[in-house]
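Side chains included, hydrogens not; waters and symmetry mates left out as well; all remaining heavy atoms used.
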Amino acid sequence: MPIGTSYEITITMSDETTNRLVDEGFYLYGFKAVNSSTGGGMPLVWFVTDDYATSTDITWQEEYQAYTSRKEIIPGGTISGINSYDIALGQTLTVDNISGTGTVGGSPGSSRRITVDNETTRPFTSGIAQLNHVAAGQTTKATPLAAFPLHGRNLDFFTPVEKVLLMFATAVIETSTVVEQAFGPGLLVDLTGVAQREVTYDIDYGWGPTKPNWTTPVDSLTLLTPLLIQQDRSLPVSA
């Protein structure tokens with residue numbers, strides 16, 4: 001399967017901040033934005049790690065999976081029991097079994113969308129997943145970015161968005177968990193049109209830089225769906 005652009009965010013911290021984060025049991029969380037034709041979507045924890053340092057690189061590529069699950073989208077719930085398939089932009093996952101399994105078809109093309117076509121009458125949860133590499137030595141796998149309802153005999157269209165929300169918190173929350181609100185101070189980093197960004201974090205003063213138009217500070221308890229779930233009702237562009 002073709003691999004597109006590689007992206008990277010580097011987080012730089014002082015020794016003091018790094019030591020305090022480790023000593024006090026903080027985890028680094030990441031969320032990634034998605035554009036969809038379907039309403040009702042909610043963000044999922046994309047990654048969580050305690051393997052961070054004074055300089056931590058988060059990298060990913062334009063390499064995707066489409067998935068289905070029979071789990072309902074419940075705030076605080078985890079999307080598990082996933083049927084996932086490697087897929088490229090412009091391709092379609094056709095779901096043809098009530099278990100949620102299916103096949104990927106179509107040649108990768110000019111369309112920036114991934115399609116999930118439910119040919120059954122059973123509703124599912126669906127979305128796209130993406131691989132990330134966070135810190136050295138961590139096992140990597142494609143992790144769902146968000147969860148959307150997929151009704152019987154319906155299509156969902158998904159477009160990845162190169163915006164990542166970073167957050168340090170002491171809460172212990174698994175990947176693929178549905179999250180409504182920020183549970184710590186965060187920073188939304190926009191990589192649209194670029195491949196690399198550098199940010200900083202201080203345990204008392206928070207994230208930086210805060211002035212550029214490619215960062216958005218996110219306060220604790222901020223609703224995450226408006227930041228991470230974008231809706232596009234236009235028809236897909238043919239490949």
Side-chain angles (χ1 to χ4, degrees), residues 4-5 7 30-47 60-75 77-80 82-95 100 102 104-106 108-120 122-132 142-165 175-181 188-192 216 218 222-239:
T5 304
Y7 296 91
F31 301 79
K32 194 165 186 290
V34 178
N35 182 308
S36 177
S37 62
T38 304
M42 296 194 69
L44 304 177
V45 175
W46 184 31
F47 69 78
W60 67 97
Q61 296 173 317
E62 289 185 319
E63 186 177 10
Y64 308 104
Q65 291 182 348
Y67 79 87
T68 66
S69 172
R70 287 180 286 172
K71 289 285 189 179
E72 294 185 13
I73 304 171
I74 301 172
T78 300
I79 304 300
S80 59
I82 287 174
N83 305 300
S84 59
Y85 300 87
D86 290 341
I87 198 166
L89 297 173
Q91 290 188 306
T92 298
L93 168 61
T94 300
V95 182
V104 172
S110 60
S111 172
R112 296 294 298 173
R113 294 184 177 182
I114 290 169
T115 303
V116 181
D117 178 9
N118 185 4
E119 293 191 343
T120 79
R122 181 189 178 104
F124 297 100
T125 292
S126 74
I128 55 174
Q130 191 167 16
L131 184 74
N132 66 75
T143 310
L145 308 180
F148 298 83
L150 175 64
H151 298 290
R153 304 296 184 186
N154 271 261
L155 299 169
D156 282 356
F157 302 110
F158 304 109
T159 304
V161 178
E162 300 310 332
K163 294 181 179 180
V164 174
L165 173 63
T175 56
S176 304
T177 298
V178 179
V179 176
E180 286 187 289
Q181 295 178 300
L188 184 66
V189 183
D190 187 350
L191 288 92
T192 303
T216 303
V218 177
T222 298
L223 292 175
L224 296 185
T225 299
L227 294 175
L228 296 170
I229 306 297
Q230 303 177 11
Q231 192 167 9
D232 181 2
R233 297 185 183 274
S234 63
L235 290 173
V237 178
S238 298

Query - Exam field: side chain Ser36 to backbone Phe157, donor-acceptor pair closer than 3.5 Å - result: yes

**Report entry** Closest non-hydrogen atom pair between Leu44 and Ser176, with its separation
**Finding:** CD2-O, 3.8 Å

Requested in this report: Mark yes or no for whether Thr175, through its side chain, and Phe47, through its backbone, hold a donor-acceptor pair below 3.5 Å.
Outcome: no

**Report entry** Under 3.5 Å donor-acceptor, Gln91 side chain and Ile114 backbone
**Finding:** no

**Report entry** Straight-line distance of Ile229 CD1 to Phe31 CZ, nearest 0.5 Å
**Finding:** 11.0 Å

Query raised in the report: How close do Gln231 and Asn35 get, heavy atom to heavy atom, and via which atoms?
Result: C-OD1, 4.3 Å

Report task. State, yes or no, whether a side-chain contact exists between Phe148 and Val34 at a heavy-atom distance under 4.5 Å. Result -> yes

Query raised in the report: How many angstroms lie between atom CD of Gln65 and atom CG of Leu145, to the nearest 0.5 angstrom?
Result: 10.5 Å

Query raised in the report: side chain to side chain contact (heavy atoms under 4.5 Å, CB included) between Tyr67 and Ile79: does it pass, once the steps are laid out?
Result: CA-CA 10 Å; Tyr67 79 87; Ile79 304 300; 4.0 Å; yes

Query - Under 3.5 Å: donor-acceptor pair, side chain of Thr125, backbone of Lys71 - result: yes

Query raised in the report: Could you state the interatomic distance from CD (Glu63) to CG (Leu89), rounded to the nearest 0.5 Å?
Result: 11.5 Å

Report summary line: Tightest non-hydrogen contact, residues Leu93 and Gly102, listed as CD1-C, 4.0 Å

Query raised in the report: Which pair of heavy atoms, one from Asp190 and one from Thr192, lies closest together, and at what distance?
Result: OD1-OG1, 2.6 Å

Query raised in the report: Does any N or O in the side chain of Arg113 come within less than 3.5 Å of the main-chain N or O of Phe158, such that one atom is a donor and the other an acceptor?
Result: no

Report task. Give a yes or no on whether the backbone of Asp156 and the side-chain of Thr38 come within a donor-acceptor separation of less than 3.5 Å. Result -> no

Requested in this report: Find the distance between CH2 (Trp46) and CG (Leu228) and round it off to the nearest 0.5 Å.
Outcome: 11.5 Å

Report task. For Glu72, check side-chain contact (heavy atoms from CB on, under 4.5 Å) against everything at least two apart and list the hits. Result -> Ile74

Query - Interatomic spacing from CD1 in Ile128 to CD1 in Ile87 - rounded to 0.5 Å - result: 9.5 Å

Query raised in the report: Is the shortest heavy-atom distance from the side chain of Tyr7 to the side chain of Gln61 under 4.5 Å?
Result: no

Query raised in the report: Would Asp86 and Val104 count as a side chain to side chain contact (heavy atoms under 4.5 Å, CB included) if you check the C-alpha gap in whole Å, the side-chain angles of each, and the deciding distance to 0.1 Å?
Result: CA-CA 8 Å; Asp86 290 341; Val104 172; over 6 Å; no

Report task. Flag the pair Val179 / Leu224 as yes when at least one side-chain heavy-atom distance between them is below 4.5 Å, and no otherwise. Result -> yes

Report task. Return the minimal non-hydrogen interatomic distance between Ile73 and Pro149, and the atom names on each side. Result -> CD1-N, 3.7 Å

Report task. May I ask you to check whether Asp117 and Thr115 show a side-chain donor-acceptor distance below 3.5 Å? Result -> no

Query - Where Arg112 and Glu62 come nearest, the two heavy atoms and their spacing - result: NH2-OE2, 3.0 Å

Query raised in the report: Measuring from Lys32:NZ to Leu188:CG, what's the distance to the nearest 0.5 Å?
Result: 11.5 Å

**Report entry** Side-chain (Asn118) to main-chain (His151) donor-acceptor, under 3.5 angstrom
**Finding:** yes

